Enquirer: 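Structure provided below as structure tokens; questions to follow.
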Amino acid sequence: MTTQLTIRRPDDWHVHLRDGAMLAGVVGHTARQFARAIVMPNLSPPVTTAEAARAYRERIVAAVPAGMNFTPLMTAYLTNNSDPADLVQGFREGVFTAAKLYPAGATTNSDSGVTDIMHIQGALEAMAEAGMPLCIHGEVTHASVDVFDREAVFIEQVLEPLLRRIPLLRVIFEHITTQEAVQFVEAAGDNVAATITPQHLHINRNAMFAGGIRPHAYCLPVAKREKHRLALRKAATGGNPKFFLGTDSAPHAREAKESACGCAGIYNSPFALESYLTVFEDEGAIGQFEDFASRFGPAFYGLPVNEETVTLERLEHEVPASIDVGAAELVPFHAGEVLHWKFIG
Ligand code: DOR
Ligand code: ZN
């Protein structure tokens with residue numbers, strides 16, 4: 001039985017680090033495990049310009065605890081009025097690694113998001129031309145579409161037509177939750193990839209209603225039926241370079257989750273690697289873990305792999321019921337559960 005695993009240091013290709021006191025409280029959890037992370041721009045107000053991204057990057061770097069080596073990779077929040085020249089210049093100058101499409105109203109701080117993708121056709125063409133990747137929150141938001149169908153409908157109504165219009169656009173279909181998304185990404189060209197979160201590998205939609213309403217199992221896109229979870233596990237562990245790690249760790253204070261209108265988001269960064277590795281072990285695929293966590297992401301983004309390594313050890317430990325990060329009390333993913341792997345460093 002494997003008792004220790006050493007792999008190249010991974011990166012997180014999708015994370016919410018927030019700002020201010022919350023940023024200071026959470027960034028160490030990501031920086032401890034990951035060398036780099038694609039940082040989501042859905043602050044309030046959102047990070048829409050290269051100037052704002054530069055300033056946000058400086059605040060993140062300043063908040064990283066001493067002795068930790070961590071590089072934030074910034075994203076531009078696309079709006080109906082995004083300036084193609086600012087996006088491309090920001091990308092060329094190394095401020096932006098990618099841009100992020102939030103359909104308006106899809107999730108936390110997405111009110112300034114794009115109301116119709118045709119509004120940003122010019123920006124997307126400019127991005128394709130420059131080789132700038134597009135990260136997509138892939139859900140339609142019409143009230144008439146069932147919340148569990150929003151991703152599958154997005155593929156048909158938005159993503160397929162988009163890639164027909166701009167076939168060379170580099171797309172990361174983020175935090176995929178369905179078999180339809182897995183199949184779509186598998187069949188698409190090499191310019192299309194997807195990230196997968198730990199929660200969508202561990203839980204199906206029952207988790208939100210287990211014995212009562214469970215706000216800490218609620219994130220967007222919501223977890224789906226079991227058959228989708230199984231398709232995601234196969235995709236993540238199957239060695240296909242189009243699928244790689246993106247935690248979507250999204251901290252909200254306990255009281256903002258445990259509320260009559262609880263926020264969407266699962267805080268998984270404190271034990272992210274342990275959570276993913278458990279899945280790879282259960283699937284008999286520990287040998288594929290390094291590729292998923294540390295190689296396929298950089299390959300898709302055209303970045304070098306990390307030279308340092310990290311080690312995980314087989315060691316039972318209980319995940320705390322909550323974590324005080326100063327700014328807030330956060331309930332981590334797997335709270336109260338026993339994990340069988342522990343990140344050593
Ligand atoms: O669950 C989520 N939380 N999904 C998102 O897309 C946004 C995130 C957040 O910012 O809290
Ligand atoms: Zn997210």
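All of these numbers come straight from a predicted model, not from anything done at the bench. Each ligand, and each atom within it, is numbered from 1 in the order the structure gives.
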Enquirer: What atoms of ligand 1 come within less than 4.0 Å of a heavy atom belonging to His137?
Expert: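 So the answer, numbered in order with elements, is 6 (O).
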
Enquirer: Does Gly265, backbone or side chain, put an N or O under 3.5 Å from an N or O of ligand 1?
Expert: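 So ligand 1 has an N or O lying under 3.5 Å from an N or O of Gly265.
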
Enquirer: Do Arg36 and Phe70 form a cation-pi contact, if we require the NZ or CZ to be under 6.0 Å from the six-membered ring centre and within 45 degrees of the ring's axis?
Expert: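 No - Arg36 does not lie over the ring of Phe70 by the 6.0 Å and 45° rule.
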
Enquirer: Do we see a donor-acceptor contact under 3.5 Å between the side chains of His16 and Asp248?
Expert: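 Asp248 and His16 do have a side-chain donor-acceptor pair below 3.5 Å.
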
Enquirer: How are the rings of His202 and His334 set relative to one another: parallel (under 30°), tilted (30 to 60°) or perpendicular (over 60°)?
Expert: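 Because their plane-to-plane angle is over 60°, the rings of His202 and His334 count as perpendicular.
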
Enquirer: Pull up every protein N/O/S atom sitting under 2.8 Å from the Zn ion (ligand 2), skipping waters.
Expert: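 Protein N/O/S atoms under 2.8 Å of the Zn ion (ligand 2): His14 NE2, His16 NE2, Asp248 OD1.
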
Enquirer: Tell me whether the rings of Phe244 and Trp13 are parallel (<30°), tilted (30 to 60°) or perpendicular (>60°).
Expert: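 Ring orientation, 0 to 90° scale: perpendicular.
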
Enquirer: So if I count the atoms of ligand 1 from 1 in the order they appear, which ones are less than 4.0 Å from some heavy atom of Ala250?
Expert: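 So the atoms of ligand 1 that pass are 3 (N), 8 (C), 9 (C), 11 (O).
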
Enquirer: What residue and heavy atom of the protein are closest to atom 3 (N) of ligand 1, and at what distance?
Expert: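 It is Ala264 O, 3.0 Å.
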
Enquirer: Would you check whether His252 reaches within less than 4.0 Å of ligand 1, judged by its heavy atoms?
Expert: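 Checking ligand 1 against His252, which is what was asked, there is a heavy-atom contact under 4.0 Å.
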
Enquirer: Answer yes or no: does atom CG of Asp146 have more than 12 heavy-atom neighbours from other residues, nucleotides or ligands under 6.0 Å?
Expert: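 Enclosed.
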
Enquirer: Whether Lys342 and Glu313 form a salt bridge (side-chain N of Lys/Arg under 4.0 Å from carboxylate O of Asp/Glu) is what I want to check.
Expert: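 No, Glu313 and Lys342 are not salt-bridged.
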
Enquirer: When you measure from the centre of the six-membered ring of Tyr102, is the NZ or CZ of Lys100 closer than 6.0 Å and no more than 45° off the axis?
Expert: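 Relative to the ring axis of Tyr102, which defines the angle, Lys100 lies inside both limits.
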
Enquirer: Answer yes or no: does an N/O atom from Arg18 fall short of 3.5 Å to an N/O atom of ligand 1?
Expert: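 Yes: some nitrogen or oxygen of Arg18 is under 3.5 Å from one in ligand 1.
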
Enquirer: List the closest protein heavy-atom neighbour of atom 5 (C) of ligand 1: residue, atom name, distance to the nearest 0.1 Å.
Expert: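 Protein heavy atom with the smallest distance to atom 5 (C) of ligand 1: Thr107 OG1, 3.0 Å.
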
Enquirer: In the protein, which heavy atom is nearest to atom 1 (O) of ligand 1, and how far is it?
Expert: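 Nearest neighbour among protein heavy atoms for atom 1 (O) of ligand 1, to 0.1 Å: Leu220 N, 2.8 Å.
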
Enquirer: Got Val153 and Arg150 here, is their nearest side-chain heavy-atom distance under 4.5 Å?
Expert: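 No - every pair of side-chain heavy atoms lies 4.5 Å or more apart.
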
Enquirer: If you take the nearest heavy atom of each of His16, Lys100, Glu139, which one is closest to atom 8 (C) of ligand 1?
Expert: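 Shortest heavy-atom distance from atom 8 (C) of ligand 1: His16.
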
Enquirer: How far apart are the C-alpha atoms of Arg54 and Glu93, what are their side-chain angles, what is the distance that settles it, and do they pass the salt bridge (charged side-chain N to carboxylate O under 4.0 Å, His left out) test?
Expert: CA-CA 11 Å; Arg54 257 197 200 93; Glu93 289 176 0; 2.8 Å; yes

Enquirer: Does a sphere of radius 6.0 Å around CD in Glu129 hold more than 12 heavy atoms from other residues, nucleotides or ligands, not counting ones at 6.0 Å or beyond?
Expert: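 No, not enclosed.
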
Enquirer: Under 4.0 Å from a heavy atom of Cys219: give me the atoms of ligand 1 that qualify, with their elements.
Expert: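 Ligand 1 atoms under the 4.0 Å threshold to Cys219: 1 (O).
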
Enquirer: Check Asn42 against ligand 1 and report side chain, backbone, both or neither, counting heavy atoms closer than 4.0 Å.
Expert: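 It is the side chain that touches ligand 1; the backbone stays farther off.
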
Enquirer: Counting heavy atoms not belonging to Arg9, are there more than 12 under 6.0 Å from its CZ?
Expert: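 Yes, CZ of Arg9 has more than 12 neighbouring heavy atoms, counting only those of other groups under 6.0 Å.
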
Enquirer: Quick check: does Tyr218 get an N/O under 3.5 Å from an N/O on ligand 1?
Expert: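 No, there is no polar N/O contact under 3.5 Å.
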
Enquirer: Do the ring planes of Phe173 and Phe154 sit parallel (below 30°), tilted (30 to 60°) or perpendicular (above 60°)?
Expert: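 The arrangement is tilted - the two ring planes meet at 30° to 60°.
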
